[in-house]
Each structure stands twice: as C-alpha cells, then as structure tokens.
K.L.:
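Please read through the structure below; I'll follow up with questions.
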Number of protein chains: 2
Amino acid sequence: MFSIGDLSRRTGVKVPTIRYYEQMGLISAPERSEGNQRRYEKRDLERLAFIRHGRDLGLSIEAIRDLLELSGHPEKPCGDADRIASEHLADVRDKITKLRKLEHELERIVACDGNHTVGDCYVIRALADHGLCEGEH
Amino acid sequence: MFSIGDLSRRTGVKVPTIRYYEQMGLISAPERSEGNQRRYEKRDLERLAFIRHGRDLGLSIEAIRDLLELSGHPEKPCGDADRIASEHLADVRDKITKLRKLEHELERIVACDGNHTVGDCYVIRALADHGLCEGEH
DNA sequence: CTCCAAACCTATAGTCTCTAGAGCAATATA
DNA sequence: TATATTGCTCTAGAGACTATAGGTTTGGAG
C-alpha cells in the first residue's frame, strides 16, 4: 500500500498531477484509508509508470488512454496498437525533422564569439531577417 | 499601412494570435482607423516576423521578449542573446535524442505483422516496463 | 499516550499559448 | 448601393498541468 506521496516519489509524477490523472479517468480512484487518504497498490504504480513513460515520450493523454485500454485487453489483435503507433510515428518523424533544422540554425547562430555587440549579433539578425534562414519556416 | 489580416497573411501569424500578442505586450497597440480597426506599419511587420520566427524555432514567449529587448539596444554586448540561443540549442538536442529513441521504439512496434495480439505487442510492453528502455527517461 | 510537523484532503483558480465562437461594426468590391 | 468579407470586443475552451487556501490525517519523537 502506497500513499500518494510514495507513488509520486516512485514514479516521478507530481502529487497534484496524480490527482489530475484520476480526475481525467486515466487511473481509477484507489481505495481510501480510514481517514480518506488514497492508498495505492503495485498495479497502480505500474499503470502510472506507463503513463509517465508515455508522457515523457511526448504521447498525448488521449494516445496513452488508447494504449492503456488496449493493454487491458491482451487477447485482442494488436492492429489498433499498431495504428496508434504508426500515427504517432509519423508525428515523431515530423518533429525530429523540424528539430534537426532548428538545431542547425541554432548552431550557426550560437557560433558567435561573444566579443561583439547586439548590433551585429547573428541571433538577432537571424530572427529579424527571413532571408537568412535555410528552411521554409 | 496594413490591416490585421494583411499582417497575418504576410507573417503567417493568425489574426487572433496577433491580438493575443498585443494583449501580452509583445507588440505594442497600433494606430486605429476611423472605424477603430488596427493599422500596422512596416516595423510592426518586422517585429511580428521576428516573433513568428522565434516561435517557429521553439523559443518561449519570454525568450523572445528578452531577445526583442536586446535587439532594441544594439550597443550592448551580445552575450545574452548567445546564451539564450545556446540554452535553447541544448534543449533542442535533448528533445531530438529522446524523440529518436521513441522513433526506434515505434518503428519496432509498427514492424509487427498484425498477426498477433496485444499481449505480445511491443508498444504495450515498452511502455509498461521500465526495464525495456534504452535510456534513462 | 500525546503532540506536532509533515503529508494529505477538497475545491477553486491560475498558467501558457493560443483558438473558437457570438454578436455586431467597418470596409471593399460588384 | 448592396453585399461579402473582414474587423471589433468579449468570453470561453483546450490541454496538461500547477498553485493556493483552509482544513484533516498520519507517523514518529518524546
């Protein structure tokens, strides 16, 4: 039996966030102590770790909800899980592509030596002047 | 003189977002027409393009506010602008790393042939089991 | 056993960065 | 001039939390 604080420490999910997830129906309302405090079991811990993990990876609450639902029915074909994953994969690749471009731009921008003034700073010029970008953003 | 719609089309920033930026103090309230409509000048366009550009690069509103402030004082050393950009670069690299990991996980998931069930699907296992992660997230 | 700090409870409101809608006014075009 | 488009303000909503207020329970020290 874990208190909400234990759960928080073990999963890295903040206490108010755990309560928020309960409210959102991502985790079910746990048993309560005599004094009405939440008391969790090991499987709650696992479920919350699953959620935390998914959020860290950038999955939306909705995506996680779907996956949790699927994981609760191990006998179903995993086509749905695949579909969800594929959709997310496209998204992730898109994000990576954009971030790579951004990385390159920032690298050039940061390459200045700090021995000059804002007037000729690349950061400012790069942001102000569309003509300096490599990409199409 | 541009209307808010012109500005929107030229910068790619949506009309309500422009009004939002005005409200947040990122851009100053422009002159108005006889009929109380916003009328912008070239420098407003440039400022908004700067903001848009920064947002595209994933900079926070606060970071952009700082950079705008800096760009208004071209005589200052540009160390701060560099610092803002560098910090952001570190952040971006971190995100890329995490997303790559996720991409690989998702690829493996999607590679499944759909002929099995959720019970042995990698998505579910990968999310549920911390031990399967490559990294430290 | 008693006391007290720490952790917990609920409920509400705020954050951030927009986005959408209602209802009405101004402007541009045919 | 009639009408379509664009603009105005104000309010609310989304998504995923986070903070605060004011009260209750718990766990450990004395």
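The basis for the numbers below is simple: all heavy atoms, side chains too, and nothing from hydrogens, waters or symmetry mates. Here is how names work: the chains are called A, B, and so on, in the same order as the sequence lines, proteins then strands, and each is numbered from 1.
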K.L.:
Could you go step by step and tell me if Glu46(B) and Arg43(B) meet the salt bridge (charged side-chain N to carboxylate O under 4.0 Å, His left out) rule?
P.N.:
CA-CA 5 Å; Glu46(B) 283 157 8; Arg43(B) 65 184 147 77; over 6 Å; no
K.L.:
Looking only at heavy atoms, which two atoms of Ile64(A) and Ile51(A) are closest? And how far apart?
P.N.:
CD1-O, 3.6 Å
K.L.:
Specify the closest pair of heavy atoms between Pro30(A) and Arg39(A), including all atoms of both residues, with the distance to one decimal.
P.N.:
CB-O, 3.5 Å
K.L.:
Under 4.0 Å between a side-chain N/O of Tyr21(B) and OP1 or OP2 of dC18(C), yes or no?
P.N.:
yes
K.L.:
To the nearest Å, how far apart are Glu62(B) CD and dC18(C) P?
P.N.:
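Checked: the CD to P distance equals 12 Å.
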K.L.:
Regarding Arg55(A), tell me which of base, sugar-phosphate or nothing describes its non-hydrogen contacts under 4.0 Å with the strands shown.
P.N.:
sugar-phosphate
K.L.:
Please give, in whole Å, the distance from dC8(C) P to Tyr40(A) OH?
P.N.:
10 Å
K.L.:
Has Arg19(A) got a side-chain N or O lying under 4.0 Å from the OP1 or OP2 atom of dC9(C)?
P.N.:
yes
K.L.:
Using a 4.0 Å cut-off to any heavy atom of chain B, which nucleotides of DNA chain D are the first and last in contact, reading 5' to 3'?
P.N.:
dG7(D) to dT9(D)
K.L.:
Salt bridge check, Asp44(A) against Arg47(A): does any charged N sit closer than 4.0 Å to a carboxylate O?
P.N.:
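No salt bridge links Arg47(A) with Asp44(A).
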K.L.:
Considering the terminal five base pairs at each end of the helix from dC1(C)-dG30(D) to dA30(C)-dT1(D), what angle separates the two local helix axes, rounded to 10°?
P.N.:
10°
K.L.:
Just wondering, do Asp6(A) and Arg9(A) contact through their side chains at under 4.5 Å, heavy atoms?
P.N.:
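Heavy-atom side-chain distance check passes, below 4.5 Å.
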K.L.:
Without decimals, in angstroms, what is the distance between Asp6(B) CG and dT27(C) P?
P.N.:
14 Å
K.L.:
Take atom CD1 of Ile18(A) and atom P of dC9(C), then tell me their distance rounded to the nearest Å.
P.N.:
9 Å
K.L.:
Using a 4.0 Å cut-off on heavy atoms, which residues in residues 24-38 of chain B reach DNA chain D? List them by number, or say none.
P.N.:
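Close to the strand are Arg32(B), Asn36(B), Gln37(B), Arg38(B).
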K.L.:
Return yes if some donor-acceptor pair links the side-chain N/O of Arg52(B) with the main-chain N/O of Gly12(B) below 3.5 Å, else return no.
P.N.:
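Yes; judged by distance alone, with no hydrogens or angles, the pair exists.
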K.L.:
Using heavy-atom distances to pick each residue's nearest nucleotide on DNA chain C, tell me which of Tyr20(B) and Gly5(A) is more 5'.
P.N.:
Gly5(A)
K.L.:
With side chain to side chain contact (heavy atoms under 4.5 Å, CB included) as the criterion, how do Leu26(B) and Tyr20(B) come out once you've worked through the C-alpha distance, each side chain's angles and the decisive distance to 0.1 Å?
P.N.:
CA-CA 9 Å; Leu26(B) 262 191; Tyr20(B) 166 74; over 6 Å; no
K.L.:
Could you check whether any side-chain heavy atom of Arg38(A) comes within less than 4.5 Å of a side-chain heavy atom of Arg32(A), counting everything from C-beta outward?
P.N.:
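The answer is yes, as the side chains (C-beta and beyond) meet within the 4.5 Å cut-off.
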K.L.:
Considering non-hydrogen atoms only, spot the tightest contact between Ser8(A) and Lys14(A) and give its length.
P.N.:
OG-CA, 3.8 Å
K.L.:
Is there a path from Met24(B) to Leu7(B) through hydrophobic residues (I, L, V, M, F, W, Y) whose side chains come within less than 4.5 Å of each other?
P.N.:
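Same hydrophobic cluster.
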K.L.:
Mind listing the closest non-hydrogen atom pair of Glu22(B) and Tyr40(B) along with its distance?
P.N.:
OE1-OH, 3.9 Å
